[in-house]
Amino acid sequence: MLSLKVTILSIVVCAVISQTAEDYEPIYLGTFEQPIHSVGGDIFLLDDKSIYIQDFSHDGQAPDVFFWADGVIIPYITRTDLEQKTKLQRFLPREDVVLLLPEGMTVFDIKELSVWCRAFGISFGHINFPAFQRK
């Protein structure tokens, strides 16, 4: 199982490295606003279907917490676990995560990304997306 994960990660890294600078320029968006429950991390757009959060943190002290984009739960993978997950767990120490937007959704569609507690209906931190233009 570990060799499969290493192989997949190697393929992803090779694909990114083989792209030209014009094809691959992450766009820095900022950090989560009004964070609680130790939510943090630097947020980047990798492409129109992937969002990278460098050094994401969350204390894991609340039930039913997700990455949430305009009412849609967003699956993610981590640097150390390439299995897609939806429900957030404890991320202390920090971990790099990649959000994988579901079919039919792109970064051009998102107005706000949140770390959302569905059980209590509150945001543990959010970032508003600018209005991106397609090239």
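Bear in mind the structure is a predicted one, so any value in this text is a computation, not a measurement. Start at 1 with the first residue, then count along the sequence.
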A.B. asks: Nearest heavy-atom pair of Ile51 and Leu101: which atoms, and what distance?
C.D. replies: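 Between these two residues, the closest heavy atoms are CD1-CD2, 4.1 Å.
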A.B. asks: Nearest heavy-atom pair of Cys117 and Phe124: which atoms, and what distance?
C.D. replies: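 Minimum heavy-atom separation between Cys117 and Phe124: CB-CZ, 3.5 Å.
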A.B. asks: Rounded to the nearest 0.5 Å, how far does CG of Leu46 lie from CG of Leu99?
C.D. replies: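 Separation between the atoms: 9.5 Å.
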A.B. asks: Could you tell me which non-hydrogen atom of Pro130 sits nearest to which non-hydrogen atom of Leu29, and how far apart they are?
C.D. replies: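 The answer is CD-CD2, 4.0 Å.
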A.B. asks: For Arg94, does its backbone N or O pair with a side-chain atom of Asp55 as donor and acceptor, under 3.5 Å?
C.D. replies: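 Judged by distance alone, no pair lies under 3.5 Å.
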A.B. asks: Strictly under 6.0 Å, is that where the ring centroids of Tyr76 and Tyr52 end up?
C.D. replies: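 Not under 6.0 Å, so no.
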A.B. asks: Distance alone, cut at 3.5 Å: any donor-acceptor contact between the side chains of Glu95 and Thr80?
C.D. replies: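 Side chains of Glu95 and Thr80: pair found under 3.5 Å.
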A.B. asks: Quick check: closest heavy atoms across Lys49 and Gly104, and the distance to 0.1 Å?
C.D. replies: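 Between these two residues, the closest heavy atoms are NZ-N, 3.9 Å.
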A.B. asks: Return yes when atom CD of Gln89 has more than 12 non-hydrogen atoms of other residues, nucleotides or ligands closer than 6.0 Å, and no otherwise.
C.D. replies: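 Correct, the count exceeds 12.
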A.B. asks: To the nearest 0.5 Å, what is the distance between OG1 (Thr31) and CD (Gln54)?
C.D. replies: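 If we round to the nearest 0.5 Å, Thr31:OG1 and Gln54:CD are 12.5 Å apart.
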A.B. asks: So, Asp47 and Ser50: side-chain donor and acceptor under 3.5 Å apart, yes or no?
C.D. replies: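 Side-chain D/A pair, Asp47 to Ser50: present.
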A.B. asks: State whether the number of non-hydrogen atoms from other residues, nucleotides or ligands found under 6.0 Å of Tyr28 atom OH is greater than 12.
C.D. replies: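 Yes, the 6.0 Å shell around OH holds more than 12 heavy atoms from other groups.
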A.B. asks: Between Phe56 and Val115, is the side-chain contact (heavy atoms from CB on, under 4.5 Å) condition met? List the steps.
C.D. replies: CA-CA 11 Å; Phe56 176 70; Val115 175; 4.0 Å; yes
A.B. asks: Does Leu45 reach the side chain of Pro26, with side-chain heavy atoms less than 4.5 Å apart?
C.D. replies: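 The answer is no, as the side chains (C-beta and beyond) never meet within the 4.5 Å cut-off.
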A.B. asks: Using the side chain to side chain contact (heavy atoms under 4.5 Å, CB included) definition, which of the options Leu100, Val97, Thr86 pairs with Phe67?
C.D. replies: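 In the set Leu100, Val97, Thr86, the residue that makes a side chain to side chain contact (heavy atoms under 4.5 Å, CB included) with Phe67 is Val97.
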A.B. asks: Report the distance from atom CG of Leu82 to atom CD of Gln84, rounding to the nearest 0.5 Å.
C.D. replies: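 Rounded to the nearest 0.5 Å, the CG-CD separation comes out at 10.0 Å.
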A.B. asks: Mind listing the closest non-hydrogen atom pair of Ser123 and Ile36 along with its distance?
C.D. replies: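 Looking at all heavy atoms of both residues, the closest pair is O-CD1, 4.0 Å.
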A.B. asks: Consider only side-chain heavy atoms of I, L, V, M, F, W and Y, link residues closer than 4.5 Å, and tell whether Leu92 and Val65 are in one cluster.
C.D. replies: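 No, it is not one cluster - the side chains of Leu92 and Val65 are not joined through contacts under 4.5 Å.
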A.B. asks: Looking at Ala119 and Asp64, what are the two nearest heavy atoms and their distance?
C.D. replies: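 Closest approach of Ala119 to Asp64, heavy atoms only: N-OD2, 3.5 Å.
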A.B. asks: Do Ile73 and Ile53 sit in one hydrophobic cluster, given that two such residues count as connected whenever their side-chain heavy atoms are within less than 4.5 Å of each other, even indirectly?
C.D. replies: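 Each belongs to a different hydrophobic cluster.
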A.B. asks: Show your reasoning for whether side-chain contact (heavy atoms from CB on, under 4.5 Å) applies to Trp68 and Leu113.
C.D. replies: CA-CA 6 Å; Trp68 187 271; Leu113 174 68; 6.0 Å; no
A.B. asks: What's the spacing between Asp70 CG and Ile110 CD1 if we round to 0.5 Å?
C.D. replies: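 Taking CG in Asp70 and CD1 in Ile110, the distance rounds to 6.5 Å.
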A.B. asks: So, for His58 and Phe91, is the gap between ring centers shorter than 6.0 Å?
C.D. replies: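 Aromatic pair excluded; centres sit 6.0 Å or further apart.
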A.B. asks: Decide whether Met105 and Phe66 are clustered together by the hydrophobic rule: side chain heavy atoms of Ile, Leu, Val, Met, Phe, Trp, Tyr closer than 4.5 Å, transitively.
C.D. replies: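 No.
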A.B. asks: Testing the 3.5 Å rule here: is there a donor-acceptor pair between the side chains of Ser114 and Glu112?
C.D. replies: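 A donor-acceptor contact under 3.5 Å links the two side chains.
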A.B. asks: Run Lys111 and Phe129 through side-chain contact (heavy atoms from CB on, under 4.5 Å) and show every step you take.
C.D. replies: CA-CA 5 Å; Lys111 292 180 180 64; Phe129 275 42; 5.9 Å; no
A.B. asks: Taking Asp81 for the side chain and Thr78 for the main chain, is one N or O donor matched with an acceptor at less than 3.5 Å?
C.D. replies: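 Not confirmed, Asp81 side chain does not pair with Thr78 backbone.
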A.B. asks: To the nearest 0.5 Å, what is the distance between CD1 on Ile77 and CG on Asp96?
C.D. replies: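 Rounded to the nearest 0.5 Å, the CD1-CG separation comes out at 11.0 Å.
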